[in-house]
Amino acid sequence: MEEVKLLGAWPSPFCYRIIWALKLKGIDYEYVEEDLFNKSDLLLHYNPIHKKIPVLVHNGKPISESTVILEYIEETWPHNPLISSDDPYEKAKARFWTKFIDEKEPIFFAFFQSVGEEQEKATKEAKKVLKVIEDYGVGESRKFLGGEKVGMADLALGWISGWLEGMEEALGVKLLEPQSFPMLMAWIKNFRDVPQIRDNFPDRDQLLIYFKGLRERVIWALKLKGIEFEYIEEDLSNKSKLLLQLNPLHKKVPVFIHGGKSFAESLVILEYIDEMWPQNPLLLPDDPNERAIARFWMKYVDDQREQFLRFWKTTGEEQEKATRDVRNVLRILEENGLGDKKFFGGNDIGMADLAFGLIALWIEVLEEAAGVKILEHNSLPRLMAWIENFNNVDVIKENHPDRPQLLEYLKGLREKYLSQPTS
């Protein structure tokens, strides 16, 4: 029996190209969800050069880069062809549009990642690309780019049928307007109506959350300080040259840029913000001993972060053990970290509170997604009071992720983790 395995990440449109192709071909495969913040040894083994998804593994042999994978799938399983004609000219056209779409995708990410005049320029460029596809790619006489059936170029373009809408909504800027792109809008409807596409599409609300980003710590600090800033959204499945340039070591977000200088790691950024803009509120106390205590608890909560996720990502005995471990961590915070104080640093919100924001905003949603209760009023009364105090701070309250969307996202992601083989 053939081994077919796909290493992917749910937000990636490049990954969905491969899912759609395999589904259209009727190929059984095993899907492995990758955590792009903590890449697995398997991914690093199979794609040591780029260390990116998607990667298709067929009988132990890895193939990377989505367009290369699509060609491999077409040649290995020629039934239900993705390039519907044996005519070399038709094949060349399909490859042309696939390459054109790949080359123009950075324009759409520039539209999403920019603001002001730069975004206006990127919006105009993106609309020009859509107009070219409208006039020359889709056309009036064809249902799909390759004719009457979904083909390789359609799979490459498929991201605009969902991901682009998420970008638009996150930004509040409209690119695809029915009156300007009637044939492209018809193509989107035809594409989404194909059962193999419709039944294998990411959840819209989850995509919206993904594009809005999980960026609270640094944003809270800047808002508390009253500092204006520009926010650039990163596609973690296709990291920008800017991110790789600014954080070549870890290649992760967040990265903070000030005066042309860049800083990575959220706790490092928080300290920089506090030192650079010392106006109230001070996020770290003046007293060296109290500063050291705050730094200790900040590091402690970062070191324990995986504990909080493990109870959500597991079931059965493993989940029971993870639940006990998390409760022990929370008890330590209750008794030794918080004590009788309103916030971890005293009467005012501070840097340690921002570090612990995961507990205030996420843990109840993680509980609901996993069906496990961790925070109980009778056993953790001071921590529950702190959560209420934290969430009542205006800056925190006004920069919350949407709870129903977050819950839907975490439920969907948990299902993906649990569906993976445990071997």
Side-chain angles (χ1 to χ4, degrees), residues 5-16 18-19 22-23 29-43 53-55 162-163 166 170 198-217 234-237 252-253 301-330 356-376 387 400-423:
K5 183 182 294 185
L6 175 61
L7 278 62
W10 77 266
S12 169
F14 304 100
C15 177
Y16 273 87
I18 313 308
I19 291 174
L22 292 169
K23 292 291 184 180
Y29 66 98
E30 174 192 341
Y31 178 75
V32 179
E33 179 74 21
E34 280 290 328
D35 178 358
L36 298 178
F37 291 99
N38 185 28
K39 296 177 181 178
S40 70
D41 292 339
L42 195 64
L43 175 60
I53 52 93
V55 176
W163 285 258
R198 183 184 61 231
D199 297 341
N200 296 278
F201 215 83
D203 180 82
R204 180 185 175 279
D205 289 336
Q206 290 182 15
L207 276 178
L208 183 58
I209 290 172
Y210 170 69
F211 284 121
K212 284 186 174 179
L214 304 172
R215 55 210 161 99
E216 286 83 7
R217 278 182 180 177
E234 274 292 325
D235 176 3
L236 297 178
S237 64
K252 293 193 301 184
V253 293
V301 76
D302 260 21
D303 290 345
Q304 303 300 323
R305 183 168 46 191
E306 181 56 32
Q307 296 274 27
F308 289 94
L309 295 177
R310 190 173 294 120
F311 88 88
W312 162 73
K313 295 188 334 187
T314 54
T315 58
E317 291 182 4
E318 192 176 352
Q319 187 183 62
E320 290 176 10
K321 181 182 182 302
T323 300
R324 289 193 297 271
D325 290 341
V326 170
R327 284 176 177 159
N328 287 335
V329 171
L330 293 174
F356 284 110
L358 167 72
I359 297 172
L361 294 182
W362 284 66
I363 195 163
E364 289 186 351
V365 189
L366 288 168
E367 288 176 327
E368 189 170 343
V372 175
K373 193 65 180 170
I374 302 286
L375 281 171
E376 296 174 339
I387 290 174
H400 262 226
D402 182 83
R403 192 184 189 283
Q405 290 183 352
L406 184 58
L407 177 60
E408 192 66 27
Y409 164 65
L410 291 173
K411 280 183 175 179
L413 200 54
R414 173 176 156 82
E415 288 175 7
K416 291 182 185 295
Y417 280 121
L418 296 180
S419 66
Q420 293 177 194
T422 55
S423 58

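Count residues from 1 along the sequence.
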Smallest separation among heavy atoms of W312 and A370, with atom names: CA-CB, 4.0 Å
Worked check of side chain to side chain contact (heavy atoms under 4.5 Å, CB included) between L330 and I363: CA-CA 11 Å; L330 293 174; I363 195 163; 4.1 Å; yes
Which atom of L375 lies closest to which atom of I387, heavy atoms considered: CD1-CD1, 3.6 Å
Minimum-distance pair of heavy atoms, taken over all atoms of I18 and P54: CG1-CG, 4.0 Å
Interatomic spacing from CD1 in I19 to OG in S12 - rounded to 0.5 Å: 8.5 Å
Atom of G8, atom of C15 and distance for their closest heavy-atom approach: CA-SG, 3.6 Å
Note, R414 side chain near T315 side chain (heavy atom, < 4.5 Å): yes
With sequence neighbours excluded, residues passing side-chain contact (heavy atoms from CB on, under 4.5 Å) with R198: P195
Note, L366 side chain near I374 side chain (heavy atom, < 4.5 Å): no
Side-chain donor or acceptor of Q319 paired with backbone N/O of F311 under 3.5 Å: yes
Pairwise distance CG(N200) to OH(Y16) - rounded to 0.5 angstrom: 8.0 Å
Residue pairs passing the salt bridge (charged side-chain N to carboxylate O under 4.0 Å, His left out) test where at least one lies in residues 362-374, sequence neighbours excluded: E367-K373, E368-R403
Set of residues satisfying side-chain hydrogen bond (donor to acceptor under 3.5 Å, both in side chains) with respect to D325, sequence neighbours excluded: K321
CG (D199) with more than 12 external heavy atoms under 6.0 Å: yes
Salt bridge (charged side-chain N to carboxylate O under 4.0 Å, His left out): pairs with one or both residues in residues 308-319, sequence neighbours excluded: E306-K313
